[in-house]
Number of protein chains: 4
Amino acid sequence: MEVAILGATGLVGQSFVRLLENHPWFDVKYLIASQRSKGRKFRELATWEVSEEIGEMRIESLEEFDGNVDLVFSALPSSIAGNVEEKLAEKIPVFSNASSHRYEGDVPILVPEVNGEHLSLVEAQREKRGWEGFIVTNPNCSTAILVISLKALSKFGIQRVNVVTMQAISGAGFSGLSAMQIFDNVIPYIEKEEWKVENESRKILGKLENNKITPASFEISVITTRVPVSHGHTEAVFVELEEDPTVEELKKSFESFDPLGSLKLPSYAKPLLYKEIPQPKFHRDFGGGMTVTFGRMEKIEEGKFKYITLGHNLIRGAAGGSILNAELAHVCGIL
Amino acid sequence: MEVAILGATGLVGQSFVRLLENHPWFDVKYLIASQRSKGRKFRELATWEVSEEIGEMRIESLEEFDGNVDLVFSALPSSIAGNVEEKLAEKIPVFSNASSHRYEGDVPILVPEVNGEHLSLVEAQREKRGWEGFIVTNPNCSTAILVISLKALSKFGIQRVNVVTMQAISGAGFSGLSAMQIFDNVIPYIEKEEWKVENESRKILGKLENNKITPASFEISVITTRVPVSHGHTEAVFVELEEDPTVEELKKSFESFDPLGSLKLPSYAKPLLYKEIPQPKFHRDFGGGMTVTFGRMEKIEEGKFKYITLGHNLIRGAAGGSILNAELAHVCGIL
Amino acid sequence: MEVAILGATGLVGQSFVRLLENHPWFDVKYLIASQRSKGRKFRELATWEVSEEIGEMRIESLEEFDGNVDLVFSALPSSIAGNVEEKLAEKIPVFSNASSHRYEGDVPILVPEVNGEHLSLVEAQREKRGWEGFIVTNPNCSTAILVISLKALSKFGIQRVNVVTMQAISGAGFSGLSAMQIFDNVIPYIEKEEWKVENESRKILGKLENNKITPASFEISVITTRVPVSHGHTEAVFVELEEDPTVEELKKSFESFDPLGSLKLPSYAKPLLYKEIPQPKFHRDFGGGMTVTFGRMEKIEEGKFKYITLGHNLIRGAAGGSILNAELAHVCGIL
Amino acid sequence: MEVAILGATGLVGQSFVRLLENHPWFDVKYLIASQRSKGRKFRELATWEVSEEIGEMRIESLEEFDGNVDLVFSALPSSIAGNVEEKLAEKIPVFSNASSHRYEGDVPILVPEVNGEHLSLVEAQREKRGWEGFIVTNPNCSTAILVISLKALSKFGIQRVNVVTMQAISGAGFSGLSAMQIFDNVIPYIEKEEWKVENESRKILGKLENNKITPASFEISVITTRVPVSHGHTEAVFVELEEDPTVEELKKSFESFDPLGSLKLPSYAKPLLYKEIPQPKFHRDFGGGMTVTFGRMEKIEEGKFKYITLGHNLIRGAAGGSILNAELAHVCGIL
């Protein structure tokens, strides 16, 4: 299938390109970005040693893109993603990393290992909007990493979750943070991030019934911070469960968590991996950046636990998650 | 009064020296360190432009130190602090940053703004041990920063506290962390740190009655991490209170928290300061490193709040806290 | 004397404010910045715990500034400094950190320890332009640090200089570099920097005769790079001299270099200090940020030497250098 | 062929393992390290997601290693490499990253693109020492990167070279630098490094005649510094040539430099690649870490040029270079 990547020059866009360089199902036909980059060879802008074929491709502008592909991956900034994606979805599937449509009732925020069943919502979406295509979103980077372990915990009944995130610089985009701001610093504020993690998590872990998602009812409170790490978001989690498993039972549940194991999706990787001390520098690239690591799991008291989890914000947290969504859509026959 | 600094060459020891360079009450007479540094001028080892007078002082070894001063400040590693401090305490007051004696029943862990009244425990200590001197400890760096805001919250009745710390590199000592370990990384593990913060906090906020401290009864669970920041520990706090104040009431309580305001201790600084977004790089040096900053305070639901607090780990969290203890002891007439 | 600081909110502007907070001669009357910051209290923007007095001052806009002071310090960006400074110089002395006027024939680039005599050029400047005031510039940060040691070398006859700089992040301004650009990176390019260092050095070490500066004739070639250091520029220097001193003679010449020693200027500090291994983290603040450190001095062969030198880019390299210029001008009676 | 890696747990050792994971010619049979790591699975120590096969291999101790392989790659520290390598070389080829034997008259310091012909020295070495095996060394990391461009320049006649290196943290080994030392700092001193680069470069670019290498006669002076970059050494070079090419001619010479192009060695990559602004973060991994990047090339005056070059210190500068040496030895039939 031929695909286009919208916003191909930003950090998430470039991650899409890198992950799709040799994809067995999706062939990159167009690299779309702003007027400013139009005409330039992708090699000039790539932050890694890109393949000959992709390196020679010239960036095209969004204005001139006619949508003549089988599907698009969108890494557009939310300021412009909204309209653009709607227009394209009239005709073709749009897998979007943008936050623009995530909160709409007929648009799923998809993480295949967690709520693959929400994909069926696109039927109602198409019908309601009269579209041939559709929009499927992946969550905010911190959310994507968090919900993997929350899903593995859900069978014990999640009552409340308190999370503190330590997010990497790349999550802010190439120019999102000045060096003077973040070098030798912790910034305990990321605009709208806490709201996103709290609300997206409840939607993703919510129940789809009659084409409507009822958000999960657990309480969740998040503090998001930025730390001087290049890639990889680390999350410190306190969770209260209805049941009272042992730490061993929890670890076993996490380690055996593998809902897509049999599907053989190209981007598949073991979703949850135990590491004694998870660290972004050493573990962010596991599973090609799709594996979420967990560790430091301890019981505080009856039903109350704490643990650390982390994942690659540009891959599991963005481009990789979106590509996995498209792969799931493909095997489900809705592309 | 003449003082000696034990462990004068380490990061905490050097902080003691720097803070005492022009102290109105305490005059540094001896700089004590290991055999290895013996005889060297302090200037050769100082990590800042030390004054002429102190720079010319020669390091003396612990073995040859006769304790011929009015009091000592100890920045010895806990592996050797235990015995050394006990021996010195037979004769003179020891203000120790080490963890060795913190947990003994007759030794206070002192933060003047929080539990200045625990200082009276030294009477029982002297009597019990037959000492002329005594040992007063300051807490672990993360604890010292945390308990300031917990004290300001205590009037609302603290039920439970969940904390995630993001601790600076200097907290590990000059050679405690290799560059490869922490550069571009978050290490969500600091040996024994979580136990220390949990237990010290409860002791510090506990009640002294009949020469015995009953630890505070609130639940506290901590996750400690190390981040690539030079100085300054940042702490993300979730707290559950018995009462249900508004955020404004809490902020007011914090901003007006100033128990030592009238004492005019030389190291005094406003203990709690509001900053919209507290950041170690910009706020760690406020109040000469003694002021703890707080911000990002929000109500989650009834009685439940989250906020950020931070402080300088070497000053409020170590040397400065210890010097303030000695200043309090002085005005209380027990030196 | 009453002074105004133009561009008070940028990194250099804030350094001016910080250095002038308690200046014995200069009293900050106005803090001038762009329309965007107008009306805000300086405390809101300061990156340090500013004094009560200065913290309460409100920023005023450039457009509304009437120049009603005894002199101004300018930290304006060169894009707007040119015209603004000329207009002000019609009436009052302007001490400028901007590059706008540095290369004009009647404007000195002043480093008091090096070419204090060039100050006399302002007479010709006033006359030629019909001004009551004048413009005196300080050099580019890397230049200021370099010329101190070059001056100490000049008596041996400098033939050629090759320099590689490793410049700190703050030299690019608060938002000049994105974190993704410089974190974990070396950027061997700083726009126009090499030209500036080469040409300014020759002018500063040049000879003033008949109101014309003849640049020094030595050859100088510079490679400028940016490194992930917060403050402090490090410079690696290869120099070829006409004479052939020993390393000891050179070190002695450097260590005894102290042309302003007797003047007792408020910002005075020993200009050149030997450190075995100069390092920005540990030595940038010596002499209040005015002392330039040197070390690692070795003879390569006859007449050829290499050494390391470093200084604080915002203080010696910018605001401090400019203030020292004003102090020199004051004792020379030209203010 | 079966190989063993000595010192497999250090940063260079792990690089050897990573590069040999799927090598078409060399099969890793033993992972040798100190007694302390003996028996542990390599996965426990690996700093990346190592393959199943290699991950399951258990570390063996040096003392118990019988040398029963076809050749060894040595990443031993030079403190123990000397004797160990000699003993092994009695029987099998040793490709060593250690400095221990580099300066012996019958041991080549090999960089295939530069002095592949020096490999023939091993014949004389074997004969002289009565060995069945031999020792071939690769240079110090900074040297390996430098000599690639020097070789491309050599046809113009190199008279003198002045270099300033900015070396990455990983070059010091996993625990070689403390975070407090290098974070936010430049350390302009690396023990023995300058001597190594100067002497190794002359030997590598020297002429082999009658089994004796006459070092190249150009003058070379180096200043080595450590900067806060994880991987990748950047080098700023001033060079004086006998001839006076244009910058275009030099760039052409560099870009066309490809001596091994036809050999099809498995680790082959284009040795010299032009980048407008070479940066370690973005370019260290080109050519799988074997490509050396150059840029910022400018003519200073007749015959005098400056440029920037950089390479991956663990790959081109260490393990990769050593493996390429073994590959060359293999096609030359001397293994």
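Computed from a predicted structure; not experimentally measured. Letters A, B, ... are given to chains in the order of the sequence lines, protein chains preceding strands, and every chain is numbered from 1.
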Considering non-hydrogen atoms only, spot the tightest contact between [X] and [Y] and give its length.
X       : Y       : result
V186(C) : T234(D) : CB-OG1, 3.9 Å
I223(C) : Y307(D) : CD1-O, 4.2 Å
M180(C) : K281(D) : O-NZ, 2.6 Å

Top residue by heavy-atom pair count (under 4.5 Å) with chain D, among P278(C), G232(C), A168(C)?
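When all of P278(C), G232(C), A168(C) are compared, P278(C) has the most.
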Using side-chain heavy atoms (C-beta onward) and a distance below 4.5 Å, is [X] in contact with [Y]?
X       : Y       : value
Q279(C) : P188(D) : yes
V164(D) : M166(C) : yes
K306(D) : S221(C) : yes
V229(D) : N185(C) : no

First locate atom [atom1] of [X], then atom [atom2] of [Y], and finally report the distance between them rounded to the nearest 0.5 Å.
X       : Y       : atom1 : atom2 : value
T225(C) : I277(D) : OG1   : CD1   : 12.0 Å
N162(D) : K304(C) : CG    : NZ    : 8.5 Å
I300(C) : E219(D) : CD1   : CD    : 9.0 Å

Report which part of [X] has an atom under 4.5 Å of a heavy atom belonging to chain C: side chain, backbone, both, or neither.
X       : answer
E198(D) : side chain
R160(D) : side chain
I308(D) : side chain

Looking at E302(D), I want to see if its CD is surrounded by more than 12 non-hydrogen atoms of other residues, nucleotides or ligands under 6.0 Å.
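Not buried by this count: 12 neighbours or fewer within 6.0 Å.
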Pair E193(D) + R296(C): basic N to acidic O under 4.0 Å
no
Looking at chain C, which one of L310(D), I187(D), I182(D), V227(D) has the largest number of heavy-atom pairs inside 4.5 Å, strictly under?
I187(D)
Taking E276(D), E194(D), E298(D) one by one, which has the highest count of heavy-atom pairs under 4.5 Å against chain C?
E194(D)
